[in-house]
Amino acid sequence: MARQFTPKVVTANALIEGDVIYLTDRDMWTRDMHMAELITDEAHAQLRLLDAQRRPSEAVGAYLADAAPGPNGPEPTHFREDFRRRGPSNYAHGKQEGRAYV
Amino acid sequence: MYKYSDFDADFVAERNAQFRGQVERRISGALTEDEFKPLRLMNGLYLQLHAYMLRVAVPYGTLNSRQMTKLADIADRWDKGYGHFTTRQNIQFNWPKLRDVPDILDALADVQMHAIQTSGNCIRNVTADHFAGAAADEIADPRPVAELIRQWSTDHPEFQFMPRKFKIAITGAASDRAVTKAHDIGLRIVERDGEEGFEVVVGGGLGRTPMIGKVLRDFLPRADLLAYLEATVSTWNQIGRRDNKYKARIKITVHELGIDTIREQVEARFEKLRPTYSGVDQALLADIEDQFAAPEFASRDVDAYDIAYRNDPVFRSWADTNLTPHMAEGHTIVSISLKAHGQTPGDATSDQMRVMASLAKRFGYDELRVSHEQNVILPHVHMADLPQIHAELKKAGLATANIGLVSDIIACPGMDYCALATARSIPIAQQIATRFDELKLENDIGELKIKISGCINACGHHHVGHIGILGLDRAGVENYQITLGGDATETAEIGSRVGPGFSYEEILPALERLIAAYLTLRETSGETFLETYRRLGAAPFKAALYPETKANAA
Ligand code: HEM
Ligand code: SF4
């Protein structure tokens, strides 16, 4: 039997700012994990990763991160991805600036 | 103060121009990330969790007021108004944008600073005692030698592609404040029969395989230093393991082959190399020494200090913890704590940098130092000026009286910034400092060094903390391991792990139990945590950390 595939999002850092970004199903980059495409199929995940890696002048270090469906869109399953989507805990810098992050 | 030669200035300018072109080509898509990455790392530019990070060298930790002011300007113009001082005597900017980095590097070059070679398998930024040239217990200022090594190793053709990076630290004092025994090579200036020389220690290091360095040569005449260093580095360059990144550091070579074998090989090479050093380096060293000459220390009375000390308890408490004896009469060394309770260890805002620069300029012979303990030092201050200095520091939130105490914590950036981290370290430091400040126990506890790393790379020096904390990822949850009995000084030791780790929520209560145990176990109020630990061993501390286990076993 096929192994259960943990859903994924494609994530990377933006080339200029270094911000954490995610790939949407419309092939745009978003800074909001909830807007990311939640990928539930392994073969599709590999394709989407290749798509992301073909955009080196926008994104650095694209990879597949585990995610889980949530009421507002994909949610992280590991604390590292949770910190990545939110920003540092000692200052409200990065994504926490400008808009409140929920 | 030491100034770059024209050669250095040209070299930096050329590197900056090259890097500007490389950044442009990266942004236009002409360079891929794989091509660009090694180039940016050579220029001190890392990609971290949320942003790029630029690591700027502060060679042997010495800065003047213009340089500090420039760092403040960079923080305001291109970053978020602050900088982070690290255990490697660097400053890191956490939020530069790729497009701006060439401008930042040019701004640094204006004040003879750069970010070159702070990464890669080369000889890194040579670190020195942060009280160099000032401490009362010093035999000689180690910085001229540090600078000689820097000039010799920068772009030395043989030492650009070594098995691994190579770190050298040097001290000229009896008290080791430069952690020389945890470096690839540690140098200590010593005197024998009136002659000055070096004790050479090799093979120390932290990281995943922590080791205390071993003595390679107990007395090396001063003139032989570069030949001997070259012999040591090139011996390792030949026999060091390139097959396995984790076994490549010289500490592993020393550990696997034994110090005696290494010594034989180094000495044999040294005999061959010695004649090739014609003494030009000694002439150069004399030249460098002139540029590091101590300022003319003013002679004045210290009444203002005595009056403030008698009348102002806040000033007194600060003076008791943050001052260190100076070699010149009427002078002292001021440690400015970047560890205000609850703040990020090592961070300074641009305004704070300007205050420190201004104080250095007006009262400190224009000198500042950065310590590996993530504080800033005014190395030469007249005691009479201390009340004024303290008042201005206080206004800027820089007068925390906690040097060497529980809240003077070293913490690496951990998972709040670092891409390699397995757990956070900054919030742990913030919680500990806040808690012990609330308990008002700091002064009672006395000297206690807590050091925190967010992964096994040990940037936070946790192995040599009296209490070390290592953050790990255990099955997707942050977990903190405690080591006890580490020591970063001349009596260096690697701390021992006491038992299973604690969760993010459990670590602070665990530390409170540990320190409460110390307070009951110590023989006198003067016995430090480390002394009590050395006297009693780990058992009573273990019992305090793991009360349930003890109950179960009973
Ligand atoms: C945030 C980005 C950083 C990264 C990616 C990073 C990476 C590393 C790595 C990979 C090592 C291990 C090297 C080895 O074992 O050979 C290391 C060692 C070290 N780092 Fe960092 N580091 C960072 C920040 C810092 C900071 C902020 C400090 C100071 C607070 C620091 C101080 C050190 C020190 C002292 C060592 C040497 C430990 C030893 O003796 O092995 N690093 N770093
Ligand atoms: S110890 Fe680990 S987490 Fe901390 S700065 Fe170094 S590499 Fe990053």
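These figures come from a predicted structure and were not determined experimentally. Computed over heavy atoms, backbone and side chain alike; hydrogens, waters and symmetry mates excluded. Below, read A as the first sequence line, B as the second, and so on, with proteins coming before strands; counting in each chain starts at 1.
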Can you see which heavy atom on [X] is nearest to which on [Y], and at what distance?
{"X": "Ala423(B)", "Y": "Phe79(A)", "result": "CA-CE1, 4.3 Å"}
{"X": "Pro413(B)", "Y": "Ser425(B)", "result": "C-OG, 3.8 Å"}
{"X": "Glu37(A)", "Y": "Asp25(A)", "result": "CB-N, 3.6 Å"}

Chain A interface, residue from [options] that has the most non-hydrogen pairs under 4.5 Å:
{"options": "Glu478(B), Arg99(B), Lys97(B)", "answer": "Glu478(B)"}
{"options": "Leu47(B), Asn94(B), Asp100(B)", "answer": "Leu47(B)"}
{"options": "Thr32(B), Asp34(B), Val101(B), Thr344(B)", "answer": "Thr344(B)"}

Is it the side chain or the backbone of [X] that comes within 4.5 Å of chain A heavy atoms, both, or neither?
{"X": "Gln343(B)", "answer": "neither"}
{"X": "Leu49(B)", "answer": "both"}
{"X": "Arg26(B)", "answer": "both"}
{"X": "Val23(B)", "answer": "neither"}

Which of the residues Ile16(A), Val60(A), Asn13(A) is involved in the greatest number of heavy-atom pairs with chain B at under 4.5 angstrom?
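Of the candidates given, the most pairs with chain B belong to Ile16(A).
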Asp19(A) versus chain B, heavy atoms under 4.5 Å apart: side chain, backbone, both or neither?
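Both parts, backbone and side chain.
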Out of Gln352(B), His84(B), Gln374(B), Lys339(B), which residue meets the side chain to side chain donor-acceptor pair (under 3.5 Å) rule with Asp347(B)?
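Among the candidates, only His84(B) passes.
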Regarding Glu373(B) and His461(B), is there a side-chain donor-to-acceptor distance under 3.5 Å anywhere?
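No - no donor-acceptor pair under 3.5 Å links their side chains.
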Can you pull out every salt bridge (charged side-chain N to carboxylate O under 4.0 Å, His left out) where at least one residue sits in residues 61-75 of chain A? Sequence neighbours excluded, please.
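For residues 61-75 of chain A: Lys8(A)-Asp66(A), Glu75(A)-Arg85(A).
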According to ring pair (Phe, Tyr, Trp, His ring centres under 6.0 Å), who are the partners of His93(A), at least two apart in sequence or on a separate chain?
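Once residues adjacent in sequence are excluded, the partners of His93(A) under the ring pair (Phe, Tyr, Trp, His ring centres under 6.0 Å) criterion are Tyr91(A), Tyr82(B), Trp95(B).
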